[in-house]
Amino acid sequence: MEEPTHRREGAAVATTIPDISLNDGNTIPQLGFGVFQIKPKDTVEAVSKALEVGYRHIDTAEMYGNEAEVGQAVRTSGLDRGEVFVTSKLNNGFHRPDDARKAFDSTLSALKMDYIDLFLIHWPLPTLYDGDFVSTWKVLEEFQRDGRARSVGVSNFQVPHLRRLAAETSVVPAVNQIEAHPYFGNEEVRAYDREHNIITEAWSPIAQGKVLGDPTVVDIAEQLGRTPAQVVLRWHVQRGDIVFPKSTTPKRIEENFQIFDFELDDAAMERITELDKGEAGRQGSHPDTFDYVPR
Ligand SMILES: NC(=O)c1ccc[n+]([C@@H]2O[C@H](COP(=O)([O-])OP(=O)(O)OC[C@H]3O[C@@H](n4cnc5c(N)ncnc54)[C@H](OP(=O)(O)O)[C@@H]3O)[C@@H](O)[C@H]2O)c1
């Protein structure tokens with residue numbers, strides 16, 4: 001009998017990763033593997049380990065400088081291209097339409113793939129390009145029309161940015177990838193996403209480790225006999241968001257995968273949600289002012 005796509009035996013517990021339906025009819029595995037801050041020289045090893053453990057969704061970006069190594073790991077994994085969901089993102093220097101077209105070609109060449117599953121505008125950059133992210137979005141629509149991007153979406157878009165796309169374009173982003181974790185629930189953007197059929201992807205889902213020592217998280221983890229990271233990742237998936245924790249530590253890559261064989265009850269969910277510090281909990285850059293352009 002054939003194995004269902006995301007099911008992996010061999011680990012201590014067989015795990016099935018749920019697929020989430022996107023507004024364009026495609027599906028995406030709810031748990032993936034993030035490669036931000038993984039050096040190119042370490043990327044093949046980390047992604048190969050993740051694929052071996054059972055992850056079937058990799059989140060990279062041109063800005064991370066490791067697209068080529070992600071592509072290499074997928075190719076050498078022995079898996080069919082269609083079994084692995086790959087996301088990349090348009091870098092900040094390439095928002096002008098012609099630059100975006102060239103950048104997308106470079107992303108596919110680096111990955112050595114003829115299509116990508118999901119391509120995102122990495123940051124809205126409202127203070128650059130005369131505040132025009134609409135023309136950039138229309139170029140991503142082209143990539144979807146010509147079949148080289150199966151799905152297209154945005155990252156770090158705030159509610160006014162999303163409203164503007166809704167008013168001036170015809171394709172609703174499939175996802176919005178935003179910072180979200182127990183210290184920064186990002187509820188206003190999540191609510192907009194939910195109401196408009198945009199799936200939220202939560203970046204830095206464990207706040208790069210900063211929420212793992214929180215007494216509430218530790219207490220719940222001890223009660224359930226799980227690790228703090230598993231509890232926090234489980235909280236995200238029960239909220240319906242997509243997560244792709246990053247790790248270069250093999251044991252943690254395994255640990256972060258084992259989050260579909262237990263549940264948080266309503267009380268535990270609420271205790272974690274109440275850790276939200278609002279804006280004070282934000283760890284990364286603010287999308288309204290972020291204007292970094294790599295040279
Ligand atoms: N769109 C955007 O603007 C944006 C921004 C940031 C991130 N992202 C995406 O989101 C992904 C995840 O976010 P992130 O990389 O910022 O942070 P993260 O996944 O929240 O945390 C990664 C950090 O936590 C550690 N860690 C991982 N698993 C652990 C565990 N089980 N126990 C203890 N520590 C653990 C890792 O250490 P080791 O590696 O040493 O194990 C690493 O230092 C990125 O890789 C990227 O794909 C997107």
Side-chain angles (χ1 to χ4, degrees), residues 28-43 45-47 49-50 53 55 57-67 69-70 85-92 116-125 133 153-158 161 173 175-184 186 189 193 199-214 217-218 221 226-237 241-259 281-294:
I28 178 171
Q30 190 176 16
L31 174 67
F33 183 71
V35 298
F36 176 44
Q37 291 176 330
I38 305 188
K39 294 189 185 89
K41 71 173 180 51
D42 300 328
T43 302
E45 192 179 334
V47 173
K49 171 68 186 176
V53 167
Y55 294 81
H57 164 185
I58 311 294
D59 185 88
T60 184
E62 206 270 347
M63 199 188 287
Y64 305 166
N66 54 20
E67 287 172 315
E69 291 75 11
V70 167
F85 191 103
V86 179
T87 299
S88 194
K89 315 184 189 88
L90 181 72
N91 208 338
N92 293 347
I116 193 154
D117 295 279
L118 176 62
F119 195 64
L120 310 180
I121 300 181
H122 205 147
W123 289 88
L125 307 175
F133 45 76
V154 294
S155 177
N156 299 299
F157 272 47
Q158 300 277 81
H161 308 142
V175 308
N176 185 18
Q177 183 177 130
I178 56 172
E179 179 178 348
H181 45 73
Y183 289 161
F184 184 56
N186 215 341
V189 180
D193 288 351
I199 299 294
T200 297
E201 299 190 323
W203 64 249
S204 290
I206 55 173
Q208 300 196 338
K210 290 181 194 73
V211 295
L212 303 182
D214 185 279
V217 172
V218 171
R226 309 302 299 222
T227 68
Q230 288 173 328
V231 164
V232 172
L233 294 170
R234 180 72 210 174
W235 171 79
H236 283 285
V237 302
D241 292 354
I242 290 169
V243 281
F244 22 78
K246 169 265 176 187
S247 179
T248 46
T249 313
K251 259 183 67 108
R252 291 175 175 172
I253 296 175
E254 287 171 17
E255 173 187 331
N256 296 344
F257 192 71
Q258 298 300 336
I259 58 169
R282 191 192 284 279
Q283 312 282 318
S285 302
H286 198 299
D288 287 345
T289 51
F290 186 66
D291 60 1
Y292 169 68
V293 176

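Note that these values count all heavy atoms, side chains included, but never hydrogens, waters or copies made by symmetry. For the single chain, residues carry numbers from 1 onward in sequence order. Every number for a ligand or one of its atoms is a count from 1 in the order of the listing.
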Just so I know, are the side chains of Ile28 and His57 near enough to count as touching, which here means a heavy-atom distance under 4.5 Å? yes
Among non-hydrogen protein atoms, atom 47 (O) of ligand 1 lies closest to Asp59 OD2, 2.7 Å
Taking both backbone and side-chain atoms of Lys89, is any N or O found less than 3.5 Å from an N or O belonging to ligand 1? no
What atoms of ligand 1 come closer than 4.0 angstrom to any heavy atom of Ala207? 20 (O)
Between Lys49 and Glu254, is the closest basic N to carboxylate O distance under 4.0 Å? yes
Looking only at heavy atoms, is any part of Glu255 under 4.0 Å from ligand 1, and if so is it the side chain, the backbone, or both, or is it neither? side chain
Who's closest to atom 12 (C) of ligand 1 heavy-atom-wise, of Phe290, Phe244, Phe257? Phe244
Is Ser155 in contact with ligand 1, taking contact as a heavy-atom separation below 4.0 Å? yes
Starting from the C-alpha separation in whole Å, work towards a yes-or-no answer on side-chain contact (heavy atoms from CB on, under 4.5 Å) for Phe133 and Leu125. CA-CA 7 Å; Phe133 45 76; Leu125 307 175; over 6 Å; no
Looking at Gln177, which atoms of ligand 1 are within less than 4.0 Å of one of its heavy atoms? 1 (N), 2 (C), 4 (C), 8 (N), 9 (C), 48 (C)
Give me the nearest non-hydrogen protein atom to atom 39 (O) of ligand 1 as residue plus atom name, then the distance to 0.1 Å. Lys246 NZ, 2.7 Å
Any chance you could lay out the side-chain contact (heavy atoms from CB on, under 4.5 Å) test for Gln158 and Asp288, step after step, and finish with the verdict? CA-CA 8 Å; Gln158 300 277 81; Asp288 287 345; 3.4 Å; yes
For atom 21 (O) of ligand 1, grab the closest protein heavy atom and report residue, atom and distance to one decimal in Å. Gln208 CA, 3.2 Å
Which pair of non-hydrogen atoms, one from Ile116 and one from Thr87, has the smallest distance, and what is that distance? CD1-C, 4.0 Å
So do the side chains of Phe33 and Ile38 get within less than 4.5 Å of each other, counting heavy atoms only? yes
Does a side-chain N-to-carboxylate-O contact under 4.0 Å join Asp59 and Lys89? yes
Within the 4.0 Å heavy-atom shell around Trp123, which atoms of ligand 1 are there? 3 (O)
Exam field: side chain Glu67 to backbone Thr60, donor-acceptor pair closer than 3.5 Å: no
State, without any angle test, whether Thr200 and Asp193 hold a side-chain donor-acceptor pair at a distance under 3.5 Å. yes
Mind checking whether Phe257 and Tyr55 have parallel, tilted or perpendicular rings, split at 30° and 60°? tilted
Flag yes if more than 12 heavy atoms outside Gln283 fall under 6.0 Å of its CD atom; otherwise flag no. yes
Pairwise distance CE(Met63) to CG(Leu90) - rounded to 0.5 angstrom: 9.0 Å
What part of Pro228, side chain, backbone, both or neither, has a heavy atom within less than 4.0 angstrom of ligand 1? neither
How does Leu120 reach ligand 1, if at all, at less than 4.0 Å between non-hydrogen atoms: by side chain, backbone, both, or neither? neither
among protein heavy atoms, the one nearest atom 6 (C) of ligand 1 is Trp203 CE3, 3.2 Å
Identify the two heavy atoms, one from Asn66 and one from Ala61, that lie closest to each other, and give their separation to 0.1 Å. OD1-O, 4.4 Å
At less than 4.0 angstrom from any non-hydrogen atom of His122, what atoms of ligand 1 do you find? 1 (N), 2 (C), 3 (O)
Backbone, side chain, both or neither: what part of Leu212 comes under 4.0 angstrom of ligand 1, heavy atoms only? side chain
So, is Ala229 polar-close to ligand 1, with some N/O to N/O distance under 3.5 Å? no
Does ligand 1 have any atom sitting under 4.0 Å from a heavy atom of Gln37? no
Could you tell me which atoms of ligand 1, counted from 1 in the order shown, lie closer than 4.0 angstrom to a heavy atom of Thr249? 38 (P), 40 (O), 41 (O)
Protein contact of atom 26 (N) of ligand 1 - nearest heavy atom, named by residue and atom, plus distance: Ile206 CD1, 3.6 Å
closest protein heavy atom to atom 14 (P) of ligand 1 is Ser204 OG, 3.7 Å
Considering Asn256, Asn176, Ile253, Ile178, which one's heavy-atom position lies nearest to atom 31 (N) of ligand 1? Asn256
Taking non-hydrogen atoms only, is Tyr64 closer than 4.0 angstrom to ligand 1 via side chain, backbone, both or neither? side chain
Assess Phe33 for proximity to ligand 1: is some non-hydrogen atom of it under 4.0 Å away? no
Please report which non-hydrogen protein atom sits nearest to atom 44 (C) of ligand 1, along with the residue it belongs to and the distance in Å to one decimal place. Phe36 CB, 3.3 Å
Residues 201-209 side chain polar contacts: donor-acceptor under 3.5 Å, at least two apart:
from: Glu201; atom 1: OE1; to: Gln177; atom 2: NE2; distance (Å): 2.8
from: Trp203; atom 1: NE1; to: Asn156; atom 2: OD1; distance (Å): 2.9

Is any side-chain heavy atom of Leu31 closer than 4.5 Å to one of Pro245? yes
Identify the residue among Tyr64, Phe157, Phe290 that makes a ring pair (Phe, Tyr, Trp, His ring centres under 6.0 Å) with His122. Tyr64
Test your reading of the structure: does Pro245 have an N or O sitting under 3.5 Å from an N or O of ligand 1? no
Check each heavy atom of Asn156 against ligand 1 and say whether those closer than 4.0 Å belong to the side chain, the backbone, both or neither. side chain
Tell me, which protein residue and heavy-atom name are nearest atom 25 (C) of ligand 1, and how many Å apart are they? Arg252 NH1, 3.9 Å
